[in-house]
Amino acid sequence: THTFNILAHGFVSRGEFTDALSLFSTMEGFGCSPDTITHNTILDGYCRKGMLKEARDLLVEMKGRGLLPDRSTYNTLIAGYCRIGWLKEATKVIELMTRSNFLPDLWTYNMLMLGMCREGRMDEACRIKDEMQKLAIMPDVVSYNTLIKGCFQWRNEGAALRMLEEMRSKGLKPSLVTYNILVKQLCEEGRMDEAVTNLKKMEEEFTHPDNVTYNTLINGYCRCGNFGEAYKLMDEMVGRGLKMD
RNA sequence: CUCUUUUCUUUG
């Protein structure tokens, strides 16, 4: 079953969803019965294809087979609804989860905040952050990255920087992703010099730029027609052992 | 850091 779960995940993450589905019957043929993880994986596959109805059916089906949904089952569904912007439905699943004796966790809240940010409901997203703290679920780097990106996206640079400060004050170190968000924002504003300065700052904090960092910067230079600098960065990235993609 | 499932960053 472990083996097939790995296969199922492989299919789902590559978008080969029908292959994942057929695994269900194939497994039985080998005497391996699909477990909760198998179902969670397929469930995620449906969600990623936007087939939420089918996902719900699968949830019913797994219960019918005597398999108990776990946190991940519910979180997967919630992620699915957040992805397509159905926050109302996502909230309903949270209620369902709670009734099944699973309290929403860090992941649940992070996904909800992401959903809110995408819809431009930044005030509510921030309120969720405060709420979870009251419940002793501490926001992590992902939480803050989500909020910071949201603030930038909706043109609230001040709030974004305050979030960054708050994160630091809580002893959370900005991650590579955090820096990539900052770099992207500076590029969008055409502040290329500061973006490059950020590269140095990263190094000082022992966070090494990756492909995303460089691609972001290169895109920034290209957008303002500075192809010379763009080429320089390409050289720099291969010099660092990064492979251009 | 023996990574089977759910959340954050680029090109989109």
Side-chain angles (χ1 to χ4, degrees), chain A residues 1-13 20 23 27 32 34-48 55 58-59 62 67-83 90 93-94 97 102 104-118 125 128-129 132 137 139-153 160 163-164 167 172 174-188 195 198-199 202 207 209-223 230 233-234 237 242 244-245:
Chain A
T1 301
H2 279 254
T3 317
F4 281 104
N5 284 346
I6 295 170
L7 256 183
H9 179 236
F11 284 138
V12 167
S13 57
L23 266 183
M27 294 180 67
C32 302
D35 62 3
T36 299
I37 293 182
T38 319
H39 284 78
N40 288 349
T41 306
I42 305 292
L43 197 72
D44 186 41
Y46 276 130
C47 288
R48 287 182 192 279
L58 184 60
L59 178 63
M62 73 186 283
L67 293 171
L68 291 178
D70 59 10
R71 302 197 113 72
S72 298
T73 314
Y74 293 109
N75 279 338
T76 303
L77 261 182
I78 293 164
Y81 282 122
C82 286
R83 226 174 267 130
V93 178
I94 292 180
M97 171 167 59
F102 291 112
D105 61 7
L106 180 61
W107 286 50
T108 317
Y109 286 113
N110 281 347
M111 294 186 292
L112 247 190
M113 285 194 285
L114 178 63
M116 296 291 183
C117 287
R118 287 204 177 133
I128 291 175
K129 186 209 64 180
M132 59 195 280
I137 299 174
D140 67 353
V141 185
V142 173
S143 320
Y144 280 106
N145 286 345
T146 303
L147 292 173
I148 291 170
K149 164 128 195 287
C151 289
F152 277 137
Q153 207 159 34
M163 284 295 164
L164 184 63
M167 168 169 64
L172 294 172
S175 68
L176 176 58
V177 172
T178 316
Y179 281 109
N180 286 342
I181 292 169
L182 295 176
V183 166
K184 167 87 160 86
Q185 177 62 19
L186 292 170
C187 286
E188 296 235 303
N198 240 272
L199 264 193
M202 287 175 70
T207 305
D210 68 351
N211 248 305
V212 175
T213 321
Y214 278 104
N215 285 340
T216 305
L217 285 167
I218 290 168
N219 182 248
Y221 275 126
C222 288
R223 278 180 24 170
L233 285 174
M234 288 169 73
M237 75 189 279
L242 293 172
M244 293 189 289
D245 55 3

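Predicted, not measured: the structure shown is a model, and the values here were computed from it. The sequence lines fix the lettering, A, B, ..., with proteins before strands; numbering per chain opens at 1.
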Enquirer: Can a donor-acceptor pair be found between the side chains of A/Asp35 and A/Thr38 at a distance below 3.5 Å?
Expert: yes
Enquirer: Using side-chain heavy atoms (C-beta onward) and a distance below 4.5 Å, is A/Arg48 in contact with A/Arg83?
Expert: yes
Enquirer: With heavy-atom distances below 4.5 Å as the criterion, would you say the side chains of A/Phe4 and A/Leu7 are in contact?
Expert: yes
Enquirer: Do you know the tightest heavy-atom contact between A/Ala125 and A/Leu147?
Expert: CB-CD2, 3.7 Å
Enquirer: Verify whether one side chain among A/Asp105 and A/Thr108 offers a donor that lies under 3.5 Å from an acceptor in the other.
Expert: yes
Enquirer: What contact category does A/His9 fall into here, base, sugar-phosphate, or nothing, at under 4.0 angstrom with non-hydrogen atoms?
Expert: sugar-phosphate
Enquirer: Of all heavy-atom pairs between A/Ala90 and A/Ile78, which one has the smallest distance, and what is that distance?
Expert: O-CG1, 4.0 Å
Enquirer: Which residues in residues 37-47 of chain A have at least one heavy atom lying under 4.0 Å from any atom of RNA chain B?
Expert: A/Ile37, A/Asn40, A/Thr41, A/Asp44
Enquirer: Is there a side-chain contact between A/Thr1 and A/Ile37, using heavy atoms and a 4.5 Å cut-off?
Expert: no
Enquirer: Regarding A/Thr146, tell me which of base, sugar-phosphate or nothing describes its non-hydrogen contacts under 4.0 Å with the strands shown.
Expert: sugar-phosphate
Enquirer: Report which part of the nucleic acid A/Arg83 touches: base, sugar-phosphate, or nothing (heavy-atom distance under 4.0 Å, all strands).
Expert: sugar-phosphate
Enquirer: When you list every nucleotide of RNA chain B with an atom under 4.0 Å from a heavy atom of chain A, which one comes first 5' to 3', and which comes last?
Expert: B/U4 to B/U11
Enquirer: Can you tell me how far apart CE (A/Met97) and CG (A/Leu77) are? Round to the nearest 0.5 Å.
Expert: 10.0 Å
